[in-house]
Amino acid sequence: MISTPNLPERLAAVVGPAYVLTDPADLAPYLTDWRGRYRGDARCLVRPGNTQEVAAVVRLCAEAGVPMVPQGGNTSLCGAATPDGSGAAVIVSLARLNRVRAIDPLNNTVTVEAGCTLASVQEAAQQAGRLFPLALASEGSCQIGGNLSTNAGGVQVLRYGNTRELTLGLEVVLPNGEIWDGLRGLRKDNTGYDLKHLFIGAEGTLGIVTAAVLKLFPLPRAQITAWLALESPRAAVDMLARTQANFDARLTAFELVSDLALDLVIRYIPGTAKPSGPAPWYVLCEFSDGGSEAELRGQVESWLGECLEAGFIGDAVIAQSVAQAEKLWQLRENISEAQKIEGISIKHDIAVPVSRLPDFLARADAALAAAFPGIRIVAFGHVGDGNLHYNLSKADRQANDEFIACQPEANRIVHDLVHSLAGSISAEHGLGQLKREEILRYKDPVEMALMRSIKQAIDPRGLMNPGKLL
Ligand SMILES: Cc1cc2nc3c(=O)[nH]c(=O)nc-3n(C[C@H](O)[C@H](O)[C@H](O)COP(=O)(O)OP(=O)(O)OC[C@H]3O[C@@H](n4cnc5c(N)ncnc54)[C@H](O)[C@@H]3O)c2cc1C
């Protein structure tokens, strides 16, 4: 460990003593990840209150040669916000940078600080009569800075794109403590390299995002949510294409849920029930429109009626109220929570071209069943984006403990197949600690070398979130 015994006191002089945590009991929640898979250690956690304080904190750490781990809501699913075990790092929490700086309804933009929770940004947009469409099950805790740094996806990427596509400008504190003010709310700006994209998805390895200008959209006036029962992933992909052809951008979500995933939610999440008769697969879809609800409802009902008659779907339930729609969404959004309650599983967060999803599922399921008899595969996700959460476990605890030790073999089967289908081994959650080594097998060495050059150029001393991503 680098010897900088008075660093916490020097940080306290910048942010105030109340905002530097050193007591092990106070630090504990920030030293482990949401899944409880990684545990690290840190010299202290510091909570600056504004961009200038973030910059001063970074300058002090940089002068002392101390590594920094930016932390938002700490909901990362790949250990990206957990420090390593050396105890050398300072965790920089953005939680106090939680102001909405400005809303410009005519420009359809909101300028927010990095520590705003996603839910609070959605709310601020709604109060201004606009939609901020990023939506994840962790939205009550995750922060915009974390969403930007992981390029978070979620359930409306199909229509609005992921965080990268929702971002117009950024303010970033660089690893030497300089502030880059790139808070531009422009939809067109061809004045050289678009630097914001370097920091989006960088998992805190290039600097600390302190604020962003984000895109807003008109609030849909009508929204219809439906639950479909289907025979197979192929039927889901076909149904997606047909429904998109019919509704185009008015189809705003199309989420796949396997029967096993649904069973877990029903078992562990109180107040949930199966909405339709049993089927091997389900799709939760949402239609949004600026027109009348009655009109949209009529169109969705007649479309789903046609699909039932044609045998494209086995059953369809259309929510009749906001409360019913929320109940349907609960089934989808609680899958990760239900899995967490059940115990540890081997998780994959993969993407392949949408057309190849059925092929991926058929081949991966067969290869894993052959290699690990009795395996339980919980698959669900954003079929409209070709992105599946593909999680593996065994039914009883002892068998599961043995199985978890086989993670490298299971990863090899799943990730090699994904690679052969021109896919990605991390569609949403990032690399963090979990896939930092794994990516070396799949990414083009030229691309890895470019990424290292960028890291070297911006953070030559490797002080920003070391051990993550690269
Ligand atoms: C129940 C559940 C559901 C989820 N669903 C989804 C989903 O649908 N789609 C999806 O994409 N993800 C999902 N996630 C993963 C996670 O919520 C997202 O990755 C989220 O964007 C992380 O935000 P956070 O504020 O919690 O970041 P953290 O976990 O605190 O940090 C994540 C990474 O970002 C860095 N970081 C955080 N803040 C900053 C900052 N201001 N500047 C620089 N770096 C920073 C950290 O160092 C770390 O590398 C889910 C997680 C949970 C627990």
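Quantities reported herein were computed from a predicted structural model and do not represent experimental measurements. In each ligand, atom 1 is the first atom listed, and ligand 1 is the first ligand listed.
- V69 does not count as a contact of ligand 1, since none of its heavy atoms falls under 4.0 Å from the ligand.
- A salt bridge does not link E286 with R250: none of the charged nitrogens is closer than 4.0 Å to a carboxylate oxygen.
- Every side-chain contact (heavy atoms from CB on, under 4.5 Å) that L469 has, sequence neighbours left out, goes to E203, T205, L431, M451.
- Test R267, K394, R397 against E342 for salt bridge (Lys or Arg N to Asp or Glu O under 4.0 Å) and you get one pass: R267.
- Checking only distances, E203 does come within under 3.5 Å of ligand 1, N or O to N or O.
- Exactly one residue among N162, L166, V121, T163 makes a side chain to side chain contact (heavy atoms under 4.5 Å, CB included) with N147. That residue is T163.
- Using a 4.0 Å cut-off between heavy atoms, T150 contacts ligand 1 through its side chain alone, with no backbone atom that close.
- At least one cation-pi condition fails for K274 and W227: the charged atom is not both under 6.0 angstrom from the six-membered ring centre and inside a 45 degree cone around its axis.
- The protein atom (non-hydrogen) at minimum distance from atom 43 (C) of ligand 1 is S149 OG, 3.2 Å.
- With ligand atoms numbered from 1 in the order given, ligand 1 contributes 47 (O), 49 (O) to contacts under 4.0 Å with heavy atoms of N465.
- Protein heavy atom in closest approach to atom 12 (N) of ligand 1: H429 CD2, 3.7 Å.
- Counting only distance, with no hydrogens or angles, the side chain of E113 and the backbone of R99 share a donor-acceptor pair below 3.5 Å.
- When heavy-atom distances to ligand 1 are checked against a 4.0 Å cut-off, A114 comes that close only through its side chain, counted from C-beta outward.
- Between F132 and F217, a ring centre-to-centre spacing not shorter than 6.0 Å is recorded.
- With sequence neighbours excluded, the residues forming a salt bridge (Lys or Arg N to Asp or Glu O under 4.0 Å) with D459 are K455, listed by chain and number.
- The shortest N/O to N/O separation between V209 and ligand 1 falls below 3.5 Å.
- Looking only at heavy atoms of the protein, atom 24 (P) of ligand 1 is closest to G73 N, 3.4 Å.
- Protein heavy atom closest to atom 16 (C) of ligand 1, with residue, atom name and distance, is T75 OG1, 3.3 Å.
- The protein non-hydrogen atom at the shortest distance from atom 7 (C) of ligand 1 is E428 OE1, 3.3 Å.
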